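It should be emphasised that the depicted structure is a prediction, and the values quoted were computed from it without experimental measurement.
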Amino acid sequence: MKYHILILTDNNRNTLNISMIEGDEFVTDSLCHSGTHRLIYQEIHESQEQAVIRLRELQSYTRMQKERIIRRSNPNWINLLRPSLRNDYQPGVKFRPNVPNLISLR
């Protein structure tokens, strides 16, 4: 059986929740708590002992350390869920509209 270590966040990236899920049916059950519904980081472990050790290690990290881990694998914090289960709002993706460069003549 596989064990998944997940880091979830909300749309504003205010909270980072770390959880461990057993098996592959984690999408519907684990993402409904405390408003965090964006999966931004995932690790897969083969044994429960390795997963628990890694879970405790990640939980002891500061927010800055967690963000470094996330940015190594997912620099734009894109939602890793299946497209049918995620919303399309991506606050990490930059939007630059084509606005003309207006210079004042004063």
With sequence neighbours left out, what residues match Ser60 under side-chain contact (heavy atoms from CB on, under 4.5 Å)?
none
May I ask you to test the Met20-His4 pair for a side-chain heavy-atom distance under 4.5 Å?
no
Please round to the nearest 0.5 Å and tell me the distance separating atom CG of Asn17 and atom CG of Leu8.
6.5 Å
Short question: side chain of Asn76, backbone of Ile78 - any donor-acceptor pair under 3.5 Å?
no
Are any side-chain N or O atoms of Thr15 and backbone N or O atoms of Thr9, one a donor and one an acceptor, separated by less than 3.5 Å?
no
When rounded to the nearest 0.5 angstrom, what distance separates CD1 in Ile18 from CZ in Arg56?
13.5 Å
Nearest-0.5 Å distance that lies between atom OH in Tyr3 and atom NE2 in His45:
12.0 Å
Heavy-atom side-chain proximity of Lys66 to Leu58 below 4.5 angstrom
no
For Arg71, enumerate each residue passing the side-chain contact (heavy atoms from CB on, under 4.5 Å) test, keeping only those at least two apart in sequence or located in another chain.
Arg13, Trp77
When rounded to the nearest 0.5 angstrom, what is the spacing between CD1 in Ile7 and OH in Tyr61?
10.0 Å
Do Asn79 and Ile40 have side chains that approach each other closer than 4.5 Å (heavy atoms only, starting at C-beta)?
no
Just verifying a value: how many Å separate Ile21 CD1 and Leu6 CG, rounded to the nearest 0.5 Å?
5.5 Å
Find the distance between CD1 (Ile5) and CD (Gln59) and round it off to the nearest 0.5 Å.
8.5 Å
For Arg72, enumerate each residue passing the salt bridge (charged side-chain N to carboxylate O under 4.0 Å, His left out) test, keeping only those at least two apart in sequence or located in another chain.
none
Go through the structure and list residues passing salt bridge (charged side-chain N to carboxylate O under 4.0 Å, His left out) with Arg54, not counting sequence neighbours.
Glu43, Glu57
Check which hydrophobic residues are tied to Ile53 through side-chain heavy-atom contacts below 4.5 Å, counting indirect links as well, and list them.
none
Pairing residues for Ser47 by the side-chain contact (heavy atoms from CB on, under 4.5 Å) criterion, not counting sequence neighbours:
Glu49, Gln50
